[in-house]
Amino acid sequence: MATWFFLPLLATFMNLGLGLIYPLVRWMTLNHPQYVNMPSRRWYALNSEARLRSINPVLRLIGVLRLLLCAMWLFLVAASSLVATGVWATLPVWPLFAFIGCMLSSVVWLVVASLQGVEKEVQDSSTGL
């Protein structure tokens with residue numbers, strides 16, 4: 001019986017963990033930027049408001065990753081129940097590859113968005129905007 005609750009419990013903990021990352025990264029960006037792993041050294045030279053603006057796309061993409069992860073876990077739980085009740089003979093694998101592909105492309109998008117956000121803020125700060 002406990003194994004039936006393992007997947008939803010794991011999904012809940014992963015979702016809560018990703019939910020806590022958002023305010024933690026935001027707080028660290030404002031108060032302790034040296035602990036935020038940003039790929040540009042110029043990011044540290046920005047003031048706290050500019051750093052926060054540059055990291056906003058990253059924070060939004062964390063929400064996208066959270067949504068994709070929740071959808072994947074929902075599929076796994078629903079599909080497992082269909083297999084267990086005999087409606088499906090096996091669990092289809094292709095949706096999992098689709099979810100993982102979407103998550104990987106979101107991570108690539110996250111890196112590109114963070115670099116573009118930093119570059120924009122560095123340019124704005126150097127021109128005095």
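Any value given below was found using the heavy atoms of this structure, including those in side chains, with hydrogens, waters and symmetry copies removed.
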Report task. Would you indicate whether the side-chain heavy atoms of Lys120 and Ser54 approach each other to under 4.5 Å? Result -> no
Query raised in the report: Considering only heavy atoms from C-beta outward, does the side chain of Val36 approach that of Arg26 to under 4.5 Å?
Result: no
Query raised in the report: Are Glu119 and Arg42 close enough for a salt bridge, meaning some N to O gap below 4.0 Å?
Result: yes
Report summary line: Tightest non-hydrogen contact, residues Ser114 and Met38, listed as CB-CE, 3.9 Å
Please output the side-chain donor-acceptor pairs of residues 62-83 that fall under 3.5 Å, not counting sequence neighbours, one pair per line with the distance.
unit_1 : atom_1 : unit_2 : atom_2 : d
Arg66  : NE     : Asn15  : O      : 3.4
Arg66  : NE     : Asn15  : OD1    : 2.5
Ser80  : OG     : Leu76  : O      : 2.7
Ser81  : OG     : Ala78  : O      : 2.7

**Report entry** Straight-line distance of Tyr44 OH to Arg51 CZ, nearest 0.5 Å
**Finding:** 9.5 Å
Query raised in the report: Are Trp27 and Tyr22 connected in a single hydrophobic cluster, I mean Ile/Leu/Val/Met/Phe/Trp/Tyr linked by side-chain heavy atoms less than 4.5 Å apart?
Result: yes
Query raised in the report: Same cluster or not: are Leu10 and Ile21 linked, directly or through other Ile, Leu, Val, Met, Phe, Trp or Tyr residues, by side-chain heavy atoms under 4.5 angstrom apart?
Result: yes
**Report entry** Approximate separation, where rounding is to 0.5 Å, of Leu30 CG and Asn47 CG
**Finding:** 10.5 Å
Query raised in the report: Are Trp94 and Phe99 linked, directly or through other ILVMFWY residues, by side chains that come within less than 4.5 angstrom of each other?
Result: no
Report summary line: CE of Met28 to CG of Asn37, rounded to nearest 0.5 Å, is 9.5 Å
Query raised in the report: Would Val107 end up clustered with Leu61 when hydrophobic side chains under 4.5 Å apart are linked, directly or stepwise?
Result: yes
Report task. Report yes or no: do Val25 and Tyr35 belong to one cluster of Ile/Leu/Val/Met/Phe/Trp/Tyr joined by side chain heavy-atom distances under 4.5 Å? Result -> yes
Query raised in the report: Rounded to the nearest 0.5 Å, what separation is found between the CG atom of Leu59 and the CG atom of Leu110?
Result: 9.0 Å
Report summary line: Shortest non-hydrogen pair, Pro95 vs Pro92, comes out as CD-O, 3.6 Å
**Report entry** Check: Thr29 and Trp43 side chains under 4.5 Å, non-hydrogen atoms
**Finding:** yes
Requested in this report: Hey, could you give me the CG/OG distance between Leu52 and Ser48, rounded to the nearest 0.5 Å?
Outcome: 8.0 Å
